Amino acid sequence: MTRRSFLTYAGAIAAFRNDSLNLIEKLVAQVKPEAEDEAFWMQVREAFTLDPVLVNFNNGGCSPSPRIVQETLRRQLELSNQAPSFYMWRQLEPEIEDVRKRLARNFGVDPEEMAITRNASESLETCLNGFDLERGNEVLCTDQDYPRMITTIQQRVRREKVKLVQVKVPPAPATHNELVEAYRSGITPKTKLILVCHVIFMTGQIYPIHDIVALGREHGIPVIVDGAHAFGQFPIAHKDLLCEYYGTSLHKWMLAPVGTGFLFVKKERIPQLWSLMASSAEQAGDIRKFEEIGTHPAANHNAIGEALTFHELIGADRKADRLRYLRKRWTDRIINEPKVRFHTNLHPAFSCAITTVEIKGIEPGKLAEWLLGKHGIFVTPIGHSEFQGIRVTPNIYTTTQEIDRFAEAMLVACREGAG
């Protein structure tokens with residue numbers, strides 16, 4: 001099978017979601033491209049509908065979906081609009097059970113532990129609001145967690161007089177143990193809940209989830225894992241994490257439609273966790289109680305199946321290898337520049353696609369605007385009380401030409417400024 005036929009065939013087999021995994025295994029066995037195989041990765045790029053002018057390096061915010069995902073979404077929306085209450089509820093909505101099974105298989109858990117949500121925020125707010133807490137109880141996280149999650153805890157602080165405890169963590173730690181010990185330092189007899197990011201949105205730092213979950217278990221404290229920037233970026237299996245609560249978005253690295261995510265809750269923990277929106281007493285132990293959001297389009301969550309097929313065809317390991325290769329290509333070009341400072345540990349065990357870099361003397365917002373206006377490169381400014389920079393997040397459709405274009409622009413900014 002040729003590389004060109006690889007993605008052509010991907011679209012054909014995407015419809016066979018129930019039986020496709022065996023076919024995928026056979027297909028990938030015949031096609032083994034390396035991270036540097038530009039001919040193959042150009043075929044991956046052609047599977048997307050992209051702006052040929054803009055270089056999108058903010059895939060950490062939201063990634064585009066491949067054509068097969070867009071077409072499924074469009075087709076199901078068109079069908080549902082012929083008679084929404086019939087086609088959407090009777091024919092399309094039941095397909096969520098197939099998506100549930102496939103997501104569960106990908107994560108390595110029981111389908112009855114997998115809720116389909118609209119994003120990581122919904123999943124994590126379900127957990128952060130779902131535990132019974134009392135006045136004076138403490139919720140522990142870091143000073144680099146996602147703002148919406150901090151806001152969620154702060155509302156409980158205002159409403160129920162619980163306490164938010166944020167420990168400081170280094171943006172680019174030399175060891176994972178630094179992160180574990182930071183959490184350990186924040187635990188007190190009043191700590192009743194821990195929130196931890198699998199990948200920090202500001203820097204791309206990968207956290208040692210297994211060790212932090214073990215720390216929580218040692219003290220009898222539930223640990224909620226924010227997987228918004230992890231799932232789909234590099235290989236992830238629940239057996240390596242052993243967490244009981246995990247929420248993520250699927251419109252980032254899994255390339256699913258905007259407004260899709262999942263919440264994993266260990267089966268024996270479901271009855272004790274309140275749903276974000278009201279559910280019946282009879283649903284107490286049912287993972288579907290976390291999907292009680294009222295009328296919503298079935299097309300969005302059904303198209304997750306096509307995104308999973310695309311992901312599995314390429315392979316999680318192959319994706320991560322490509323992302324790290326692209327990152328190394330541009331970081332190697334500028335790493336020795338005197339004004340450059342990385343706020344991401346570039347070792348593969350600590351990060352993958354997401355990288356935050358600072359050019360000393362240039363304000364991140366100004367650098368981002370210069371890159372966009374002068375070079376057509378879209379990045380995200382990052383500001384923190386202890387570090388700042390631009391967050392750079394290519395994806396698997398990114399070309400080496402785009403990477404080189406960015407590296408050249410950064411060299412100019414380092415040596416001549418961004419004026």
Side-chain angles (χ1 to χ4, degrees), residues 58 60-62 115 117-133 137-169 171 179-180 182-183 186-187 190-209 212-213 215-216 221-233 236 241 243-254 258-265 269 273-277 290 293 354 356 380 382-387 391 393:
N58 188 23
C62 190
T117 64
R118 290 173 290 186
N119 47 55
S121 293
E122 181 176 78
S123 300
L124 297 166
E125 288 193 44
T126 296
C127 294
L128 290 170
N129 286 309
F131 284 89
D132 290 322
L133 297 177
N137 288 169
E138 296 176 357
V139 181
L140 175 63
C141 63
T142 77
D143 63 347
Q144 294 178 28
D145 279 270
Y146 192 64
R148 186 180 299 276
M149 291 16 281
I150 301 301
T151 301
T152 303
I153 302 169
Q154 287 173 335
Q155 179 166 284
R156 295 203 72 171
V157 170
R158 298 194 304 272
R159 190 173 183 178
E160 301 162 90
K161 310 307 178 187
V162 302
K163 184 179 179 181
L164 169 63
V165 177
Q166 293 177 272
V167 293
K168 289 188 176 183
V169 288
L179 303 172
V180 178
Y183 273 92
I187 293 176
K190 295 182 179 181
T191 306
K192 300 302 178 184
L193 203 56
I194 293 175
L195 171 67
V196 57
C197 285
H198 197 166
V199 172
I200 292 291
F201 84 100
M202 287 184 169
T203 64
Q205 171 67 44
I206 300 173
Y207 271 46
I209 297 302
I212 294 172
V213 168
L215 175 66
I221 305 169
V223 178
I224 301 166
V225 182
D226 178 347
H229 288 270
F231 193 74
Q233 184 183 164
I236 294 172
L241 309 176
C243 57
E244 295 179 320
Y245 310 90
Y246 191 98
T248 190
S249 291
L250 298 173
H251 50 245
K252 297 181 187 290
W253 302 101
M254 190 50 67
V258 173
T260 54
F262 77 67
L263 168 63
F264 160 78
V265 181
R269 302 301 183 196
L273 188 69
W274 292 97
S275 54
L276 190 61
M277 294 193 184
F290 303 120
I293 59 172
I354 302 173
T356 297
T380 305
I382 292 293
H384 188 271
S385 61
E386 297 186 8
F387 64 93
R391 190 184 70 181
T393 54

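Just so it is clear, the model here is predicted, and its values are computed rather than measured.
Between T248 and W253, the closest side-chain pair of non-hydrogen atoms is not below 4.5 Å. Between V225 and L241, every side-chain heavy-atom pair lies at or beyond the 4.5 Å cut-off. Counting heavy atoms from C-beta outward, N119 and T260 have side chains that stay 4.5 Å or more apart. Under the 4.5 Å side-chain criterion, counting only non-hydrogen atoms from C-beta, R156 is in contact with L133. Two residues are said to be in side-chain contact when any heavy atoms from C-beta on lie closer than 4.5 Å; E122 and I293 meet this criterion. In this structure the side chain of I354 never reaches within 4.5 angstrom of the side chain of T203, judged on heavy atoms. Annotation: side chain of C243 is not in contact with side chain of I212 (no heavy-atom distance under 4.5 Å). In this structure the side chain of R148 reaches within 4.5 angstrom of the side chain of E125, judged on heavy atoms.
With hydrogens and angles left out, the side-chain atoms of H229 and Y146 include no donor and acceptor closer than 3.5 Å.
Taking NZ from K161 and CG from N137, the interatomic distance works out to 14.5 Å, rounded to the nearest 0.5 Å. Note that OG1 of T152 is 8.5 Å distant from CG of L124, once rounded to the nearest 0.5 Å. In this structure, CD1 in I221 is found 4.5 Å from CD1 in I187, a value given to the nearest 0.5 Å. Here CZ of R159 is found 8.5 Å from CG of N129. Values are rounded to the nearest 0.5 Å. Atom OH in Y207 sits 4.0 Å away from atom CD1 in I200 (nearest 0.5 Å). Expressed to the nearest 0.5 Å, how far CD of E244 lies from SG of C127 amounts to 11.0 Å.
Remark: side-chain polar atoms of K252 are paired, donor with acceptor, to backbone N or O of G61 under 3.5 angstrom. In this structure, the side chain of T142 engages the main chain of Q144 through a donor-acceptor pair within 3.5 Å. Listed for the T356 side chain is a donor-acceptor partner under 3.5 Å among the backbone atoms of M202. When atom types are taken as modelled, the side chain of H251 and the backbone of C62 share no donor-acceptor pair closer than 3.5 angstrom. Judged by distance alone, with hydrogens and angles left aside, the side-chain atoms of T393 form a donor-acceptor pair with the main-chain N or O of G60 at under 3.5 Å.
The two residues A120 and A228 make their nearest non-hydrogen contact at CB-CB, 3.6 Å. Heavy-atom minimum distance, V169 versus A182: CG1-CB, 3.6 Å. In plain terms, the two heavy atoms of I150 and L164 that are nearest each other are CG2-CD2, 4.0 Å.
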Worked check of side-chain contact (heavy atoms from CB on, under 4.5 Å) between Q205 and V199 = CA-CA 5 Å; Q205 171 67 44; V199 172; over 6 Å; no

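Under the side chain to side chain donor-acceptor pair (under 3.5 Å) criterion, Q166 pairs with no residue, sequence neighbours left out. Taking Y245 as the reference, F131 meet the ring pair (Phe, Tyr, Trp, His ring centres under 6.0 Å) condition, with sequence neighbours excluded. Remark: S275 pairs with S279, K289, F290 by the side chain to side chain contact (heavy atoms under 4.5 Å, CB included) rule, at least two apart or across chains.
In the displayed structure, E160 atom CD is contacted under 6.0 Å by more than 12 heavy atoms of other residues, nucleotides or ligands.
Taking the six-membered ring for Trp and the full ring otherwise, the centers of F231 and Y246 sit at least 6.0 Å from each other.
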